[in-house]
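One structure below.
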Protein chains: 2
Amino acid sequence: MKKSEINSTEIARLAGVSRSTVSRVINNYSNVPAETRDKVLKVIQQYNYFPNVSAQVLAGKRARTIGLFLINQGSVSGDILTNMLIVSVIEHASAHGYYVLTHIIRNAKDTEVIQNVREIFFQRRIDGGIFIGASNREPFIEELVEEGFVIGIVDQELSDHPEPNRIVSKFNNDSGMKQAVAYLAGLGHSQIGVINGDMNRLSGMTKYEGFTTAMGMCGLQVNPDWVLDGDFNETSGYQAIQTLMQKGVALPSAIIAANDSVAFGAIRGLKEHGLRVPDDISVIGFDDHAMSAKHHPALTTIRVDFGDMLKRMTSYLITKIEQNTPDIKEITIDCSLVVRDSCRRI
Amino acid sequence: MKKSEINSTEIARLAGVSRSTVSRVINNYSNVPAETRDKVLKVIQQYNYFPNVSAQVLAGKRARTIGLFLINQGSVSGDILTNMLIVSVIEHASAHGYYVLTHIIRNAKDTEVIQNVREIFFQRRIDGGIFIGASNREPFIEELVEEGFVIGIVDQELSDHPEPNRIVSKFNNDSGMKQAVAYLAGLGHSQIGVINGDMNRLSGMTKYEGFTTAMGMCGLQVNPDWVLDGDFNETSGYQAIQTLMQKGVALPSAIIAANDSVAFGAIRGLKEHGLRVPDDISVIGFDDHAMSAKHHPALTTIRVDFGDMLKRMTSYLITKIEQNTPDIKEITIDCSLVVRDSCRRI
DNA sequence: CTGAAAGCGCTTACAG
DNA sequence: CTGAAAGCGCTTACAG
């Protein structure tokens with residue numbers, strides 16, 4: 001048995017009906033009598049026939065494929081979180097009968113790379129796409145939205161004039177930062193530093209803003225010496241500590257990192273300088289990365305449910321593709337403190 | 001500017017040529033004068049035109065998409081290795097101008113799941129597919145090979161009668177096990193146990209066979225009490241230790257685990273029983289998982305280059321798709337010992 | 001060098 | 001309830 005080249009004409013002939021009827025059976029038209037349907041179905045199964053998807057799409061059906069675009073400058077392959085995101089989208093799309101074309105964008109500024117992404121949409125390979133890791137209001141994504149494609153963007157918020165083909169999701173970083181600061185304040189910390197994420201991304205900005213707001217609400221001063229740059233990667237946490245040490249200033253008693261990877265890097269840096277966590281300095285992360293519980297010390301962090309976010313994002317995207325509803329979709333997910341061993345009372 | 005509905009007829013009209021010529025330009029036919037080409041290209045760019053991929057495929061072009069099928073009973077989302085595999089395939093496919101449709105198979109025995117996989121091929125969504133994690137000679141994959149689809153299978157070997165549309169890859173587990181046993185023997189171990197992987201998979205079988213062979217070559221006895229069942233997952237390593245302890249027999253001085261996840265589980269189990277690694281018992285893994293260097297103790301293991309394997313698999317697959325060469329492709333990759341801290345001299 | 005035309009395998013008004 | 005026919009947007013022999 002070789003690659004079956006069977007098509008609807010053949011099925012029609014074998015079942016003694018017209019191609020129209022075969023198509024009606026495949027597409028579950030109601031006006032096909034059970035008897036005819038069964039007859040056709042039997043032939044379809046017997047000959048292992050599946051309609052050619054290109055022909056279906058060309059004739060007006062959907063591709064039933066969504067694009068998943070991961071934007072990341074280098075850490076894509078090493079991150080367990082990335083894997084969770086991919087798997088989450090694939091499995092939820094699959095549950096809706098959709099397939100996922102995953103694409104990795106190493107450099108969102110490279111015009112060739114951008115052109116390639118646009119091609120995927122314009123070629124009609126996909127019915128819509130989800131972007132993860134993009135800078136806030138990334139221009140090429142904005143263009144795709146303007147073109148009318150159905151686009152889901154993680155870590156983004158709606159503008160004043162939201163388009164119905166844009167779906168957006170974010171975490172309540174404000175709430176997360178408030179919890180982190182409140183917890184540290186409760187432990188007696190007043191000298192709290194922060195290692196920021198990528199400030200071009202919404203979560204980078206909102207986490208920092210949340211931090212300053214929360215500090216204010218707890219009546220604490222933000223010491224500029226303790227506000228350190230970072231980019232959400234482990235290395236940047238390590239670097240931030242190097243920078244802090246080189247300043248030769250007094251150290252904070254606690255540090256909040258923009259995410260757990262940054263926290264890992266920071267702890268590594270602190271250890272190298274002979275500082276113990278949490279004995280000498282407390283560290284709190286953000287995300288509750290899969291590694292955080294296994295880390296030494298186990299990392300206190302703000303848990304965030306990426307799986308749930310992507311699940312909802314995927315569902316909304318597919319609903320939007322299929323029904324093209326005019327309603328505006330914005331997903332906001334709360335986050336919550338997980339206390340482990342990386343902070344101490346002073 | 002809304003979703004551009006421009007097509008080749010429109011481009012032809014705007015450029016003052018026929019659709020044939022537009023198509024020739026797009027497909028780089030040599031018989032188009034530079035002047036005509038430039039004229040057409042200009043219009044194409046100006047109007048942001050990309051040919052509809054469904055129409056192209058229907059007219060005989062390739063979909064330029066490969067399927068990536070991950071078979072796994074539960075550990076897909078939690079494994080950093082899985083992510084590396086996915087990313088490796090995507091990036092190498094991308095380098096060849098191909099896209100990747102990733103699909104997760106939780107249960108390879110579920111007929112509905114299998115039907116869904118077959119559909120992906122028969123619908124002509126993909127030009128070929130790569131399977132990772134399949135049982136040896138998984139029937140539904142064998143069928144797809146018989147149907148003539150271009151299929152790459154990881155952790156599999158060629159049969160006596162190899163089909164030209166089958167590409168197969170494996171690690172030299174024999175060599176790996178020899179290195180592991182030789183290293184332990186060199187440290188003075190003679191009482192060596194093993195925790196097996198999934199014996200339905202080729203690597204499960206060959207690792208165990210390699211172990212017994214290597215033991216024989218070092219003049220060591222395989223003690224059946226120390227041959228433990230596992231399935232490549234962390235939990236199975238933990239369980240194996242429970243089982244071993246319940247036997248109430250003498251313990252081996254060293255254990256070789258079918259992979260690093262199993263080793264992690266085993267070490268966790270040993271710790272719970274108050275045994276220290278490597279002080280009380282040595283453990284050696286297989287794979288050099290991304291976590292192994294960071295583990296406590298840092299895991300001595302057999303390194304295996306999955307990235308290289310998938311890169312080559314992806315390249316071969318695409319070459320095979322494009323040229324349909326009759327040559328047989330089998331990839332075998334060697335592996336090598338990485339000494340860290342989980343084994344001690346006795 | 002280039003255009004007209006057939007054909008890829010479907011779906012879906014249209015007509016009966 | 002069902003078939004004949006048009007049409008989706010391309011590619012590619014074919015003819016000139």
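Computed from heavy atoms alone, side chains included, the values below leave out hydrogens, waters and symmetry copies. Because the structure is a prediction, the values reported are computed rather than measured. Numbers restart at 1 for each chain; the letters A, B, ... are given by sequence-line order, proteins then strands.
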### Message
What verdict does the side-chain contact (heavy atoms from CB on, under 4.5 Å) test give for B/Arg201 and B/Glu138, after you've listed the backbone C-alpha separation in whole Å, the side-chain angles of each residue and the deciding distance to 0.1 Å?
### Response
CA-CA 9 Å; B/Arg201 284 170 56 181; B/Glu138 176 71 46; over 6 Å; no

### Query
According to the Watson-Crick and G-U wobble definitions, with both distances under 3.5 Å, which nucleotide is paired to D/dA15?
C/dT2

### Query
Does atom NZ of B/Lys39 have more than 12 heavy-atom neighbours, drawn from other residues, nucleotides or ligands, at distances under 6.0 Å?
yes

### Nearest-angstrom distance from the residue atom NZ of A/Lys61 to C1' of D/dG7
15 Å

### Query
Just to confirm, is there a sub-4.0 Å distance from OP1 or OP2 of C/dT2 to any side-chain nitrogen or oxygen of B/Ser18?
no

### Message
So A/Asn31, base contact, sugar-phosphate only, or nothing? Heavy-atom distance under 4.0 Å.
### Response
base

### Message
Over all strands shown, is A/Ser23 touching base, sugar-phosphate only, or nothing at heavy-atom distances under 4.0 angstrom?
### Response
base

### Nucleotide D/dG9, atom P - distance to CZ of A/Arg125 in whole Å
17 Å

### Task
Write down the distance separating the C1' atoms in C/dG16 and C/dT12, rounded off to the nearest Å.
16 Å

### Query
Is any side-chain N or O of A/Ser20 under 3.5 Å from a base N or O of D/dA4, one able to act as donor and the other as acceptor?
yes

## Note on the structure
Closest of D/dC10, C/dG3, C/dC10 to the A/Ala59 side chain is C/dC10

### Task
Can you figure out which of D/dG3, D/dC10, C/dC10 approaches the side chain of A/Ala55 most closely?
C/dC10

### Task
Determine the interplanar angle of the A/His103 and B/Tyr99 rings, folded into 0 to 90°, and report it as parallel if under 30°, tilted if 30 to 60°, perpendicular if over 60°.
tilted

### Message
Just the rounded figure in Å: distance from C1' of D/dT12 to CZ of B/Arg24.
### Response
8 Å

## Note on the structure
Here the distance between atom P of C/dC10 and atom CZ of B/Phe122, to the nearest Å, is 13 Å

### Message
Under 3.5 Å, is there any donor-acceptor pair linking the side chain of A/Arg124 to the base of D/dG9?
### Response
no

#### Entry: Whole-Å distance separating the CD1 atom of B/Ile26 from the P atom of D/dT12
11 Å

### Task
Write down the distance between CD (B/Gln56) and P (C/dC8), rounded to a whole number of angstrom.
18 Å

### Query
Any idea which of C/dC1, D/dC10, C/dC10 is nearest the B/Pro33 side chain?
C/dC1

### Message
Between A/Ser159 and A/Arg166, does the side chain to side chain donor-acceptor pair (under 3.5 Å) criterion hold? Intermediate values first, please.
### Response
CA-CA 10 Å; A/Ser159 63; A/Arg166 183 201 299 267; 5.1 Å; no

### Task
Please work out if A/Thr36 contacts a base, only the sugar-phosphate, or nothing of the nucleic acid, heavy-atom cut-off 4.0 Å.
sugar-phosphate

### Query
Once you round it to whole Å, what is the distance between C1' of D/dC10 and OH of B/Tyr49?
7 Å

### Message
Taking 4.0 Å as the cut-off, does a side-chain nitrogen or oxygen of B/Tyr29 come that near to OP1 or OP2 on C/dC1?
### Response
no

### Task
Check the pair B/Leu310, B/Glu91 against side-chain contact (heavy atoms from CB on, under 4.5 Å), reporting the backbone distance first and the verdict last.
CA-CA 10 Å; B/Leu310 268 305; B/Glu91 299 221 296; over 6 Å; no

### Summary
Atom CG of A/Asn27 and atom P of C/dG9 are separated, to the nearest Å, by 17 Å

